[in-house]
Structure formats: C-alpha cells, structure tokens
Colleague: 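First, the structure itself, so that you have it in front of you.
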Amino acid sequence: MGRKRERKPAPSALDPARFTMVEYREHVLARRQVHPGELAGCSPGEIDNLMYVQRVSRIPRLYRDFLGTIGKNPRPLMPTVDWAYPDLLQSKAEVVGDLRADGTDTAFLDDALVIGLGSGYFIFYIPDVSTAPDDPPVWTATDGSDRRQLHGTFREFLLSIVDSDGRVVEIR
C-alpha cells in the first residue's frame, strides 16, 4: 500500500472585520494566489505623492496600510484592473478628463480617491475621502453616471477579490 499524503491545513480565514494588510498579504501568499516577489509596498513618500497627485487631503488608514504593504503592485490579484501605484498616479486625471470631454459632471470625484480603473470608464473609488472612516466604503462608477456603493468597507472589497475556493475573482 502506498503512503498516505499529508495534507497541509488550509490557510486560516481572515476575520472580515479586523484583518490587517500584512495578514491579507500573508493570506494570499499562503493560498498561492500570487508569487512572493510579485507584491511590493509603497514608501511613505509615494503615498504622500499619490495624495498630492489626486488632490485629496488624506488617505484613510486602511487604504494607506494597503498601499504600504502591497500597493505598488497588487495587479496579480486583479489583473484586469489598473490599481497599482504607477496607475493611480494617472487614473483620476485620466477619468476626469475623459468624463469632462463627454460632458459628464465630475463633481463626485472632487473629494474622491480613485483606487482602480478598468477598461473604459469603470472605476473603483473612495468618495468623501476627507471624512471617510479608517476602513472606508468602496464605490464603483461606469461612464461616470452609474455610481453605487460596491462594498461597505475596503476589507470587504479585498475579500471579494478572492473567492472561497482561493481563485482570483475577476470583477467586471
């Protein structure tokens, strides 16, 4: 008879209301959803630069922690969305310019932090960022008009990217 294979225990689930960004990074690494060298964090100076470029007065704590832990290149977790630090330096200005060219009111982005851009005019953003809670809601907009809250917290947004089978979920 053959030897029994030892099964590694599944990585423990994250507490949806309390996990840190380091725990999230370790979780996706343990589930082999990304390779260890793929994820990198931003420096404090890069995070401040993002605030300056997107013309916001603050970045909510949990999103700031995300940037510092894996924000330089989270793309392997959601490959169809431009949400890495270099993308974010251009995303808001690009979206605002395109929407204005189409005659769409962009006031909803005045105090918003754009955190991802999909093909076309599909964006993820944190509205009212100057007063947003530490774990802010994430909103989505398509063509600047179909705006709705996607998740009540940034943690929920991150958990939605990974389904229970450990596959990366493609958000459309």
Side-chain angles (χ1 to χ4, degrees), residues 10-16 18-98 109 112-127 129 132-142 150-172:
S12 62
L14 295 169
D15 179 340
R18 299 181 51 152
F19 67 87
T20 67
M21 293 303 102
V22 170
E23 290 170 334
Y24 184 76
R25 180 190 63 210
E26 296 308 311
H27 183 73
V28 296
L29 287 170
R31 294 178 86 159
R32 298 182 181 184
Q33 292 169 294
V34 294
H35 299 289
E38 289 181 304
L39 300 177
C42 296
S43 70
E46 288 170 324
I47 296 169
D48 289 343
N49 187 46
L50 178 62
M51 272 181 25
Y52 175 77
V53 168
Q54 288 211 15
R55 299 177 184 204
V56 295
S57 61
R58 68 180 282 274
I59 293 178
R61 184 188 53 78
L62 198 68
Y63 188 69
R64 180 177 283 275
D65 292 348
F66 168 82
L67 289 169
T69 306
I70 63 174
K72 190 168 274 189
N73 185 29
R75 190 170 283 118
L77 294 171
M78 204 167 36
T80 61
V81 174
D82 295 332
W83 66 315
Y85 172 75
D87 305 320
L88 298 176
L89 294 175
Q90 302 167 26
S91 297
K92 186 172 182 177
E94 182 180 320
V95 168
V96 168
D98 288 346
L109 291 173
L113 182 66
V114 174
I115 63 171
L117 175 63
S119 59
Y121 298 98
F122 180 83
I123 63 170
F124 294 117
Y125 66 102
I126 298 169
V129 73
D134 286 342
D135 190 0
V138 175
W139 284 60
T140 184
T142 305
L150 186 64
H151 293 286
T153 66
F154 183 66
R155 282 185 177 98
E156 289 174 8
F157 171 74
L158 290 176
L159 289 175
S160 75
I161 295 168
V162 181
D163 74 10
S164 60
D165 294 330
R167 294 174 298 198
V168 173
V169 175
E170 203 169 305
I171 299 177
R172 291 178 176 68

Colleague: Nearest heavy-atom pair of Ala132 and Ile126: which atoms, and what distance?
Modeller: CB-CG2, 4.2 Å

Colleague: Looking at Phe122, Phe124, Phe66, which one forms a ring pair (Phe, Tyr, Trp, His ring centres under 6.0 Å) with Trp83?
Modeller: Phe66

Colleague: Find the distance between CD (Glu46) and CG (Leu88) and round it off to the nearest 0.5 Å.
Modeller: 11.5 Å

Colleague: Give the C-alpha distance, both sets of side-chain angles, the deciding distance and a yes or no for side chain to side chain contact (heavy atoms under 4.5 Å, CB included) between Leu117 and Val81.
Modeller: CA-CA 6 Å; Leu117 175 63; Val81 174; 5.8 Å; no

Colleague: Can you tell me how far CG of Leu89 sits from CD of Glu94, rounded to the nearest 0.5 angstrom?
Modeller: 12.0 Å

Colleague: What's the separation between atom OH in Tyr63 and atom CD1 in Ile47, rounded to the nearest 0.5 Å?
Modeller: 9.5 Å

Colleague: Could you walk me through whether Gln54 and Val129 pass side chain to side chain contact (heavy atoms under 4.5 Å, CB included), step by step?
Modeller: CA-CA 11 Å; Gln54 288 211 15; Val129 73; over 6 Å; no

Colleague: Please, which pairs that meet ring pair (Phe, Tyr, Trp, His ring centres under 6.0 Å) have at least one residue in residues 28-55, sequence neighbours excluded?
Modeller: none

Colleague: Could I get the full list of ring pair (Phe, Tyr, Trp, His ring centres under 6.0 Å) partners for Tyr85, not counting sequence neighbours?
Modeller: none

Colleague: Just how far is it from atom CG of Asp135 to atom CZ of Arg155, taken to the nearest 0.5 Å?
Modeller: 4.5 Å

Colleague: What residues, two or more places apart in sequence or in another chain, satisfy side chain to side chain donor-acceptor pair (under 3.5 Å) together with Asn73?
Modeller: none

Colleague: Find out whether Ile161 and Tyr24 are in side-chain contact, i.e. whether some heavy atom of one side chain is under 4.5 Å from a heavy atom of the other.
Modeller: yes

Colleague: With side chain to side chain contact (heavy atoms under 4.5 Å, CB included) as the test, pick out the partner of Ile70 among Val28, Leu39, Leu158.
Modeller: Leu39

Colleague: Distance check, rounded to the nearest 0.5 Å: Thr80 atom OG1 versus Met78 atom CE?
Modeller: 7.0 Å

Colleague: Mark yes or no for whether Thr140, through its side chain, and Ile123, through its backbone, hold a donor-acceptor pair below 3.5 Å.
Modeller: yes

Colleague: Could I get the full list of side chain to side chain contact (heavy atoms under 4.5 Å, CB included) partners for Thr69, not counting sequence neighbours?
Modeller: Met21, Val22, Arg25

Colleague: Go through the steps to decide whether Phe154 and Ile115 satisfy the test side chain to side chain contact (heavy atoms under 4.5 Å, CB included), and finish with yes or no.
Modeller: CA-CA 11 Å; Phe154 183 66; Ile115 63 171; 4.0 Å; yes

Colleague: With sequence neighbours left out, what residues match Asp87 under side chain to side chain contact (heavy atoms under 4.5 Å, CB included)?
Modeller: Arg75, Asp82, Ala84, Ser91

Colleague: If we ignore hydrogens and angles and just use 3.5 Å, is the side chain of Lys92 paired with the main-chain N or O of Val53 as donor and acceptor?
Modeller: no

Colleague: In Å and rounded to the nearest 0.5 Å, what is the CG to CZ distance from Asp48 to Arg64?
Modeller: 5.5 Å

Colleague: Compare all side-chain heavy atoms of Leu159 with those of Phe19 and state whether any distance is below 4.5 angstrom.
Modeller: yes

Colleague: Sequence neighbours left out, what passes side chain to side chain contact (heavy atoms under 4.5 Å, CB included) with Arg55? Give chain and number order.
Modeller: none

Colleague: So, for Pro60 and Pro133, which heavy atoms are closest and what is the spacing to 0.1 Å?
Modeller: CB-O, 3.4 Å

